Amino acid sequence: MMKSNELEKDQLYKLRHSAAHVMAQAVQELYPEAKLGIGPPIDTGFYYDFDLGQGEDGKPRTFTPEDLEAIEKRMRQIIGGKHTFNYREVSADEARELFKDQPYKLELIDGLVQGGIDEYGNETDETPVISTYRHDAFEDLCRGPHVEATNKITGNAFKLMNVAGAYWRGDENNPMLQRIYGTAWRNKKELKQHLKMLEEAKKRDHRKLGKELDIFVFDEEIGPGLPLWLPRGGIIIEELEKLAKEMEQKRGYERVRSPHLSKEDLFLRSGHLPYYAESMYPPMEMEGVRYYIKPMNCPFHHKIFGARPRSYRDLPLRLGEYGTCYRYEKSGELFGLMRVRSMQMNDAHIYCSEAQFEQEFMAVIDLYFDYFRIFDIDKYMMRFSAHHKNGLGKKYVDNERLWLQTEGLVRRAMDNGGVSYVEVPDEAAFYGPKIDVQVWSAIGREFTLATNQVDFAQPESFELAFINSDGQEERPLCIHRAPLSTHERMVGFLLEHYAGKFPVWLSPDQARIIPITEAHNEYTLQLERRLKEAGIRTKADLGTDRMNAKIRQAQLMQIPYMLVIGDREVENNTVSLRRRDNTRQNDLPVEEFIATVQDRIATRSGEL
RNA sequence: GCCUACGUAGCUCAGGAGGUAGAGCAACGCCUUGGUAAGGCGUAGGUCGGCGGUUCAAAUCCGCCCGUAGGCUCCA
């Protein structure tokens, strides 16, 4: 028996799917030339893809926002018609006749007939049944389910949101269709709630907060995807790096450094040029030699491993570096700090024997959990990204045996460690499988934050070896890992995660001292000096604004501690503490305040 | 890269169906000496993203380019 929330989800699903059909009918009436793609329900609504053919200028015709209004209006009329949804099964020939003017539908029918391909182009084991749903004069190839009749869709609880181009079957070599996204809910109140939620999410968008809190900027003249870190952002990065160094030092990592570019030969050997060239900045040539800027640090670390003979006694060798990498992401793929072209990675490579693999791999997973605790992260998903055999020799190193073997190693390690994960095919790196930590941005987009990857390919390309206890040469495995992601993505994520309210240890400004009148300036400056000496990032606000205005500014910048200084404080050598959560503590001895804050910082506490 | 939309002062945004622009905040100056989220007055600040075209005249119309947003593709 279904749980009630699943049942509701199912009803919503049917409602949204039905709304997609109604939209397709409306579009077809308004644009008789339109060819239909697919139109499934999604998380908050539905979409449908259309091919509108060519306009008079010979270019593909597209929708404009005004078109959406007309479509929405017609949809309401159809909904009001209370047409029932009728299911029927048809033979392949009937289906082909029915959709003879719909090339995309014919392609779908072929997929069904041949079996093994569903409407998204993915493989399926299901027995093909060709079915349609009809309401009013509109019949669509569809396996349902649907609501009983169009009036189950609430006329004022859906909204067409936007138009987007989308490639047929998600392949950029296919024609681009016009996709209309809609959102649909049970009632008007739910729709309003959803729209309000979208507004709220915008407020914690890291791009907005980054601007408001002076964390980073982009400059047109420098280039897209190349962020500038402002002093306040720089502090956050310094703190993250400090954390990483502490954690890695305790776990036996050694720090190395490597150049930002290298001769072409290195990336040919590593496999980056064969598999990854599209994402690399083009080469520069000097004295007849081609150089590339590095998209990853691994080849350099492999060279460090190989710089001298290695014994099994050296293993595991853990080489860490906050390396700066550059990747040419396509212009449309850039997204604030979450997807950039210059990035500094919390990178390390662990070289170990196969016997050591499980322990080393799980030590990295444990490190993840340590970080999650520090940052109070509980909404994430571990994704086991495996290869797909169709990509062998294209996006993946062509050695199926080693793929299956290393994937088995990862699966066993995770299962033995009792760590839950979702296995997803065709998401691996070109050199091996990985465990990615998936998180979601404020507006709901999914990102890989951290990653833990096995590499069976590059140790071989670099002919890496160590002498085992039997005196024989043995090939090490390499683990690539970046638990703190890149500085860019991590700060972007943390901005949204904390909604700008960083814990004290990460806050760019930890304390702001606010004198009530000029008469208190001297004590204020004295206090500023004391706090700074105590290692607390402090600024005295001696500006000409009134105290209230200064407090407001400090609040808006999410500064954890505001110290208001007046006659009482000067006289008693105390502070009047206002925390950013608006809790107060008056007549607090300075030493006591300092001790508390120092403790919060030292323990990286989340408490104010 | 592709589809759609947007781009006016440091920031948030008005305005403009062709006649070289306006507010609030921020900045600066003066007044105000004020106990926990904006005290008052004033000054300065923009060839309206860039380059071309149409026009007597372009911020406004057209084209191209750059950047940004929401998607598609791709991805740490």
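Predicted model, so just to flag it, every value in this text is computed and none were measured.
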Practice task
Send over the distance from A:Asn452 CG to B:A76 C1', rounded to a whole Å.
Solution key: 13 Å

Exercise for the section: With heavy atoms under 4.0 Å as the rule, sort A:Ile514 into base, sugar-phosphate or nothing. Expected result: nothing

Exercise for the section: Taking atom P in both B:G1 and B:C48, compute the distance separating them and give it to the nearest angstrom. Expected result: 27 Å

Practice task
Assign A:Met176 to base, sugar-phosphate, or nothing according to its heavy-atom contacts below 4.0 angstrom with the strands shown.
Solution key: base

Handout entry: C1' gap between B:G16 and B:U73, integer Å
Key = 39 Å

Fill in the blank from the handout: Which of B:G70, B:A76, B:C66 is nearest the side chain of A:Thr451? It is B:A76

Problem - Any N/O donor-acceptor pair, A:Glu569 side-chain to B:G35 base, under 3.5 Å - result: yes

Handout entry: Position toward the 5' end of RNA chain B (nearest nucleotide), A:Gly332 or A:Asp436
Key = A:Gly332

Practice task
May I ask you to evaluate whether A:Lys211 reaches the phosphate of B:G10, defined as a side-chain N or O under 4.0 Å from OP1 or OP2?
Solution key: no

Exercise for the section: Scan A:Gln178 against the nucleic acid and name what it touches under 4.0 Å (heavy atoms): base, sugar-phosphate only, or nothing. Expected result: sugar-phosphate

Handout entry: Separation of the P atoms in B:U43 and B:A23, to the nearest angstrom
Key = 11 Å

Practice task
Using a heavy-atom cut-off of under 4.0 Å over every strand shown, decide if A:Asn586 touches base, sugar-phosphate, or nothing.
Solution key: base

Handout entry: Whether over 12 other heavy atoms sit under 6.0 Å from A:Glu278 CD
Key = no

Problem - Backbone N/O of A:Asp43 and side chain of A:Arg16: donor-acceptor pair under 3.5 Å - result: yes

Problem - Sugar-phosphate only, base, or nothing, as touched by A:Phe218 at under 4.0 Å among non-hydrogen atoms - result: nothing

Practice task
Taking only the side-chain heavy atoms of A:Glu329 (C-beta and beyond), determine which of B:A37, B:C75, B:C72 contains the nearest atom.
Solution key: B:C75

Exercise for the section: Determine the contact category for A:Thr486: base if any of its heavy atoms lies under 4.0 Å from a base atom, sugar-phosphate if only primed atoms, P, OP1 or OP2 are that close, otherwise nothing. Expected result: base

Exercise for the section: Using a heavy-atom cut-off of under 4.0 Å over every strand shown, decide if A:Arg546 touches base, sugar-phosphate, or nothing. Expected result: base

Fill in the blank from the handout: Re B:C74: Watson-Crick or G-U wobble partner, both distances kept under 3.5 Å, found to be none

Practice task
Round to a whole Å and report the spacing from NZ of A:Lys330 to P of B:C2.
Solution key: 10 Å

Exercise for the section: Please answer whether the main-chain N or O of A:Pro295 pairs with a side-chain N or O of A:Arg327 as donor and acceptor at a distance below 3.5 Å. Expected result: yes

Practice task
Rounded off to whole Å, could you give me the CD-to-C1' distance for the A:Glu333 and B:G1 pair?
Solution key: 8 Å

Practice task
With heavy atoms under 4.0 Å as the rule, sort A:Lys202 into base, sugar-phosphate or nothing.
Solution key: nothing

Practice task
Check whether the side chain of A:Arg339 and the base of B:C74 form a donor-acceptor pair under 3.5 Å.
Solution key: yes

Exercise for the section: For B:U4, give its Watson-Crick or G-U wobble partner with both distances under 3.5 Å, or none. Expected result: B:A69

Practice task
Identify whether any heavy atom of A:Ser331 sits under 4.0 Å from a base atom; if not, whether one sits that close to sugar-phosphate; answer base, sugar-phosphate or nothing.
Solution key: base

Problem - Separation between the C1' atoms of B:G40 and B:G22, rounded to whole Å - result: 23 Å

Exercise for the section: Using only heavy-atom distances, decide whether a donor-acceptor pair under 3.5 angstrom links the side-chain of A:Tyr167 to the base of B:G1. Expected result: yes

Exercise for the section: Answer yes or no: is there an ion pair linking A:Glu33 with A:Arg61, defined by an N-O contact shorter than 4.0 Å? Expected result: no

Problem - P atoms of B:A38 and B:U47, separation to the nearest Å - result: 34 Å

Fill in the blank from the handout: Out of B:A76, B:A37, B:C3, minimum distance to the side chain of A:Arg584 belongs to B:A37

Problem - Watson-Crick/G-U partner (both atom distances under 3.5 Å) of B:A37 - result: none

Practice task
Quick one: label A:Val340 by what it contacts on the DNA or RNA (base, sugar-phosphate, nothing), any heavy atom closer than 4.0 Å.
Solution key: base

Problem - Geometric cation-pi criterion, A:Arg341 with A:Tyr326: 6.0 Å, 45° - result: no

Exercise for the section: Classify the side-chain pair A:Asn173/A:Tyr167 by whether it contains a donor and acceptor separated by less than 3.5 Å. Expected result: no

Exercise for the section: Specify the separation, in whole Å, of atom CD1 of A:Ile516 and atom P of B:G39. Expected result: 15 Å

Exercise for the section: Give a yes/no answer on whether the side chain of A:Lys208 brings an N or O atom under 4.0 Å of OP1 or OP2 in B:C11. Expected result: no

Exercise for the section: Indicate, with a heavy-atom threshold strictly under 4.0 Å, whether A:Arg568 touches base, sugar-phosphate, or nothing. Expected result: base

Problem - Carboxylate-amine/guanidinium contact A:Asp436 A:Lys434, below 4.0 Å - result: yes

Practice task
Could you measure between the two C1' atoms, the one in B:A21 and the one in B:C64, and give it in whole Å?
Solution key: 26 Å

Problem - Basic-acidic side-chain contact under 4.0 Å: A:Glu199, A:Lys202 - result: yes

Practice task
Indicate yes or no: does A:Arg207 engage A:Asp205 in a salt bridge with an N to O separation below 4.0 Å.
Solution key: yes

Completion exercise
Rounded to whole Å, OH of A:Tyr47 lies from C1' of B:U4 at a distance of 17 Å

Practice task
Go ahead and name the base partner of B:G24; Watson-Crick or wobble counts if both distances stay under 3.5 Å, otherwise write none.
Solution key: B:C11

Problem - Atom pair distance, as rounded to whole Å: CZ in A:Arg207 and C1' in B:G67 - result: 14 Å

Practice task
Could you check how far NZ of A:Lys159 sits from C1' of B:G70, rounded to whole Å?
Solution key: 13 Å

Problem - Given B:A37, B:A76, B:G7, the nucleotide with the shortest approach to the side chain of A:Ile551 - result: B:A37

Exercise for the section: Could you please name the partner base of B:G46, counting Watson-Crick and G-U wobble pairs only when both distances are under 3.5 Å? Expected result: none

Practice task
Please work out whether the ring planes of A:Phe50 and A:Phe63 are parallel, tilted or perpendicular, with thresholds of 30° and 60°.
Solution key: perpendicular

Exercise for the section: Using only side-chain N and O atoms of A:Thr62, determine if any of them is under 4.0 Å from OP1 or OP2 of B:U4. Expected result: yes

Exercise for the section: Quickly work out the A:Leu52 CG to B:U4 C1' distance and round it to whole Å. Expected result: 13 Å

Practice task
Determine the interatomic distance between C1' on B:G39 and the same-named atom on B:C25; round to the nearest Å.
Solution key: 15 Å

Exercise for the section: Quote, to the nearest angstrom, the C1' distance that separates B:G7 from B:U12. Expected result: 14 Å

Practice task
Using a 4.0 Å heavy-atom cut-off across all strands, classify A:Glu221 as base, sugar-phosphate, or nothing.
Solution key: nothing

Handout entry: Check: B:A37 base within 3.5 Å donor-acceptor of A:Arg578 side chain
Key = yes

Exercise for the section: Would you kindly compare A:Glu446 and A:Met562 by the position of their nearest RNA chain B nucleotide and give the one closer to the 5′ end? Expected result: A:Met562

Exercise for the section: Name the nucleic acid region contacted by A:Ala482, choosing base, sugar-phosphate or nothing; use a 4.0 angstrom heavy-atom cut-off, strictly under. Expected result: nothing

Practice task
Tell me what A:Phe447 touches on the nucleic acid: a base, only sugar-phosphate, or nothing, going by heavy atoms under 4.0 Å.
Solution key: nothing

Problem - Watson-Crick/G-U partner (both atom distances under 3.5 Å) of B:U60 - result: none

